[in-house]
Amino acid sequence: MPELPEVETVAQGLRRTILRKKLKGVEVFLPKTVRHGDLRDLVGRTVRRVDRVGKLMLLRWSGEMTLLWHLKMTGQILLARPAETLVKHTHLRFSFNGLDLRFVDLRQFGYVKLVPTAEAEAQAEFRALGPDALGLDHSEFLERIRGRRGRIKPLLLNQSFIAGIGNIYADESLFRAGIHPLTPASDLSHDQRRRLFGAINDVLTEALSLGGSSISRFCDVHGKLGYFQTRHQVYRRHQEACPACGSVIERFRLGGRGTHFCPQCQKV
DNA sequence: AGTTCCCTGAGG
DNA sequence: CCTCAGGGAACT
């Protein structure tokens, strides 16, 4: 978290507000947040485009510079009036005319990298990404899952398989598809693969339309909360009744992640 | 394939 | 005090 719908929500907010604006100044309060490049090189440039691949955001600046931006767990990109006091955990401040863009990240896992646009796709975090989960082609999904040996949930979380799915949407998609998280990918029937593809698409699309899931303080660039957490059917609903069959939702750890499922609706 | 690490705050 | 939250890299 933020996962694909949340990052896209932020990207949409940025597209509506900072395109064509010229950067007047930058302040770095937590230097380790800048993993590569010198943000002062951006002063005087304008934001030309905001792209997103998986959970990675890309700000394209004039002069062919790209800012790779990963929010990781608790990163927030917030617009603010310049006079507003800096909230705790503000690590970066981009100053535009009459408008600030601020990076706030409680756990300090998020980061930016500034590189020439020509080198952006050669960066490790970009190279390691599979096709974006939103708008993924059905035949490409089937092709990519063919021959995979591991269990299905860790595979969904693997960004080089498909980019953008995190813990919430993995659990929600598997529930909707009626698939147990431990099922070996190679054991999935054709029908299960088809249902899983549909479930991923539906979950991500619905989540995006509701502004994402506001878990761990996620909000858009205006500080507005998303609503999809109210639609979660299994994620963090362990010991509650399954919305489909009434069984008790269970939770266990898988690959270090909390994993939620209905033992009745999702059999191995 | 599983574990550790980064990091802070919430909750017990 | 302790455990837990988890994206993703690094490690075993």
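Chain letters run A, B, ... following the sequence lines, proteins first and then strands; every chain starts at 1.
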### Glu206(A) and Arg176(A) ion-paired at < 4.0 Å
yes
### Message
Check this for me: His222(A), atom NE2, are more than 12 non-hydrogen atoms of other residues, nucleotides or ligands nearer than 6.0 Å?
### Response
yes
### Query
According to a strict under-4.0 Å criterion, is Lys88(A) in side-chain N/O contact with OP1 or OP2 of dT8(B)?
no
### Query
Using a cut-off of less than 4.0 Å, is there contact between a side-chain N or O of His70(A) and OP1 or OP2 of dG7(C)?
no
### Task
For the pair Arg236(A) and Asp171(A), find out whether any cationic side-chain nitrogen is under 4.0 Å from an anionic carboxylate oxygen.
no
#### Entry: Under-4.0 Å side-chain N/O to phosphate OP1/OP2 contact, Lys55(A) with dG8(C)
yes
### Query
Separation of Leu71(A) atom CG from dC6(B) atom C1', in whole Å?
17 Å
### Task
Would you mind reading off the distance between Leu56(A) atom CG and dG7(C) atom C1', rounded to a whole angstrom?
12 Å
### Task
Using a heavy-atom cut-off of under 4.0 Å over every strand shown, decide if Tyr235(A) touches base, sugar-phosphate, or nothing.
sugar-phosphate
### Summary
5'-most contact on DNA chain B (nearest-nucleotide basis), Arg257(A) vs Gly150(A), goes to Gly150(A)
### Whole-Å distance separating the CG atom of Asn167(A) from the C1' atom of dC4(C)
13 Å
### Message
Is a donor from one side chain sitting under 3.5 angstrom from an acceptor on the other, for Asp137(A) and Ser139(A)?
### Response
yes
### Task
Pick the P atom in dA10(C) and in dC7(B), then give their distance to the nearest Å.
15 Å
#### Entry: Rounded distance in Å - CG (Asn158(A)) to P (dA1(B))
11 Å
### Message
Taking only side-chain N and O atoms of Gln159(A), does any of them lie within less than 4.0 angstrom of OP1 or OP2 on dG7(C)?
### Response
no
### Query
Thinking salt bridges, do Glu84(A) and Arg102(A) make one under a 4.0 Å N-O criterion?
no
### Query
Rounding to the closest angstrom, what is the interatomic distance between dC1(C) and dC6(B) at atom C1'?
22 Å
### Task
Quickly work out the Leu156(A) CG to dG7(C) C1' distance and round it to whole Å.
15 Å
### Query
Atom CZ of Arg35(A) and atom P of dG7(C): how far apart are they, to the nearest Å?
15 Å
### OP1 or OP2 of dG9(B) under 4.0 Å from side-chain N/O of His89(A)
yes
## Note on the structure
Leu254(A) CG to dA1(B) C1', in whole Å, measures 10 Å
### Summary
Which of dG8(C), dG2(B), dT8(B) is nearest the side chain of Gln108(A)? It is dT8(B)
